Amino acid sequence: MRFDLTDLRLFLTVVEQGSLTKGAELMHLSLAAVSERMSGMESSLGAQLLERNRRGVTTTAAGDALVRHARQILDQVEQMRGELRNYGAGLKGRIRLLSNTAGLVSFLPQQLVRFLRAHPDLSIDLSERPSKEIVVAVAEGRADLGVVANTADLTALQTRFIAQDQLVVMASETHRIANQRSVAFADVVGEPFVGLYDAALEAHLGEHAARLGRQLHYRIQLRRIENIATMVQAGVGVAIVTEASTKDLGHSGLAIVPLHEPWALRKIYLCARDFSTISPHAGLLAQQLVEPDV
């Protein structure tokens with residue numbers, strides 16, 4: 001077999017995206033080059049790895065086996081690189097942390113500042129993902145800790161409660177919902193939206209819109225909550241964000257209306273495969289997040 005790390009990363013990207021085209025875009029390769037590499041891997045193995053159809057690609061049994069091994073190999077390579085970088089930088093440990101939008105926007109920043117200030121020899125690899133993807137990554141050992149909402153299935157992991165997260169609708173002060181005490185998702189799902197670009201929260205909202213037989217219409221998606229507030233205030237659309245993320249906004253010209261849905265008040269948990277077996281460095285971070293005032 002003549003596989004290199006690029007082949008393995010490319011294969012995993014294609015599988016995770018369910019599409020050769022999307023995999024090619026993320027890896028900055030042409031579709032023809034990706035297709036040729038996938039075919040070369042199959043020829044080298046003597047087994048079909050992917051089932052190709054109109055909707056994209058799915059893995060065969062051989063493909064599933066390669067996914068497991070590829071993730072283990074790439075994880076080991078990243079751990080090796082991290083440890084070697086640590087020697088050069090004088091760092092003694094690196095923690096892999098995944099978080100959903102709610103944790104990343106409202107809860108984690110202050111706690112991570114305190115942690116990194118208190119532990120100058122430690123560093124954190126932090127990425128944002130939807131809660132469901134985080135659960136899988138932690139269960140497979142691709143992350144040490146995850147910050148997730150209770151909307152995900154957490155039965156395979158150990159969890160610790162860390163926060164509550166209320167979703168709210170942000171609208172201009174002249175919008176029809178501006179004076180309401182709360183609003184149902186069905187009442188705003190048809191509105192034009194201003195969203196967080198590529199955020200896990202938007203995937204969560206998209207699922208609930210689909211259950212209503214609707215699709216959210218985003219006029220624009222931005223990365224900063226301040227820019228979203230500016231667009232909303234100007235009447236470009238409404239936004240659904242976490243209440244905590246609006247605390248530092250000047251509410252002049254804005255209406256912040258609680259979203260009245262069972263899934264809009266979410267509990268945020270820290271999760272791990274087993275808190276008793278995580279690294280000492282990850283254990284220190286877990287203690288900081290679970291007991292922030294200690």
Side-chain angles (χ1 to χ4, degrees), residues 9 12 16 67-68 70-86 89-165 196 198-204 242 244-245 265-294:
R9 289 194 183 94
L12 287 180
E16 289 167 359
V67 165
R68 289 197 308 275
R71 283 175 174 163
Q72 291 174 358
I73 291 169
L74 293 176
D75 283 346
Q76 289 174 347
V77 169
E78 287 306 310
Q79 289 176 21
M80 176 189 70
R81 287 176 174 169
E83 288 181 14
L84 294 178
R85 282 197 303 266
N86 291 344
L91 297 172
K92 296 180 180 178
R94 183 173 295 272
I95 305 161
R96 298 169 298 168
L97 175 65
L98 299 179
S99 176
N100 66 359
T101 305
L104 199 58
V105 170
S106 58
F107 176 76
L108 283 178
Q110 183 178 1
Q111 299 306 323
L112 294 183
V113 166
R114 291 179 59 189
F115 180 81
L116 291 171
R117 184 184 296 155
H119 302 281
D121 55 345
L122 301 181
S123 59
I124 298 173
D125 289 329
L126 175 62
S127 297
E128 180 185 2
R129 296 285 188 277
S131 291
K132 291 181 180 178
E133 291 184 16
I134 294 173
V135 168
V136 174
V138 172
E140 292 179 350
R142 291 184 282 122
D144 300 307
L145 298 167
V147 176
V148 299
N150 61 339
T151 52
D153 183 359
L154 302 173
T155 54
L157 301 175
Q158 292 185 358
T159 60
R160 303 286 188 271
F161 173 77
I162 55 176
Q164 261 191 177
D165 166 41
L196 285 168
D198 196 26
L201 174 61
E202 306 312 326
H204 178 62
T242 63
S245 69
L265 181 60
R266 304 179 297 172
K267 291 184 178 180
I268 305 300
Y269 289 93
L270 183 69
C271 64
R273 280 199 291 186
D274 187 339
F275 283 102
S276 67
T277 61
I278 58 177
S279 71
H281 310 120
L284 287 173
L285 178 57
Q287 182 177 7
Q288 169 72 53
L289 298 179
V290 174
E291 303 174 4
D293 298 325
V294 175

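Just so it is clear, the model here is predicted, and its values are computed rather than measured. In what follows, every heavy atom counts, from backbone to side chain, and hydrogens, waters and symmetry copies are set aside.
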Given the options Arg68, Arg71, Arg273, Glu140 meets side-chain hydrogen bond (donor to acceptor under 3.5 Å, both in side chains) only with Arg71
Criterion side-chain contact (heavy atoms from CB on, under 4.5 Å) on Leu126 and Leu104, from CA distance to verdict = CA-CA 9 Å; Leu126 175 62; Leu104 199 58; 3.4 Å; yes
Rounded to the nearest 0.5 Å, how far does CG of Leu270 lie from CD of Gln287?
-> 12.0 Å
Under the side chain to side chain contact (heavy atoms under 4.5 Å, CB included) test, residues paired with Ala137 that sit two or more places apart | Leu98, Arg142
Between CZ of Arg94 and CG of Asp125, what distance do you get to the nearest 0.5 Å?
-> 4.5 Å
Any donor and acceptor pair, going by atom type alone, linking the side chain of Gln111 with main-chain N or O of Leu289 inside 3.5 Å?
-> no
Closest non-hydrogen atoms of Ala286 and Leu145, given as atom of the first, atom of the second and distance, are N-CD1, 4.1 Å
Measure the shortest side-chain to side-chain distance between Ile268 and Val147 over non-hydrogen atoms and say whether it is less than 4.5 angstrom.
-> yes
Over all heavy atoms of both residues, which pair between Thr159 and Phe275 is shortest? Give the atoms and the distance, please.
-> N-CE1, 3.9 Å
Basic-acidic side-chain contact under 4.0 Å: Arg266, Asp165 | yes
Does any N or O in the side chain of Arg129 come within less than 3.5 Å of the main-chain N or O of Val135, such that one atom is a donor and the other an acceptor?
-> no
Over all atoms of both residues, closest heavy-atom pair of Cys271 and Leu157 = SG-CD1, 3.8 Å
With sequence neighbours left out, write down each residue that passes ring-ring contact (aromatic ring centres under 6.0 Å, His included) with Phe115, or none if nothing qualifies.
-> His119
Between Thr101 and Thr242, is any pair of side-chain heavy atoms under 4.5 Å apart?
-> no
Nearest 0.5 Å please: distance from the CD1 atom of Ile134 over to the CD atom of Glu128.
-> 8.5 Å
Does any N or O in the side chain of Ser131 come within less than 3.5 Å of the main-chain N or O of Asn100, such that one atom is a donor and the other an acceptor?
-> no
Nearest non-hydrogen partners of Ala149 and Leu154, listed with the distance = O-CD1, 4.4 Å
What heavy-atom pair brings Asp144 and Ala282 nearest, and what distance separates the two atoms?
-> CB-CB, 4.1 Å
Residue set satisfying side chain to side chain contact (heavy atoms under 4.5 Å, CB included) with Leu116, at least two apart, ordered chain then number -> Ile124
Stepwise, does the side-chain contact (heavy atoms from CB on, under 4.5 Å) test hold for Leu97 with Leu112?
-> CA-CA 11 Å; Leu97 175 65; Leu112 294 183; 4.2 Å; yes
Report yes if some heavy atom in the side chain of Leu285 is under 4.5 Å from a heavy atom in the side chain of Leu122; otherwise report no.
-> no
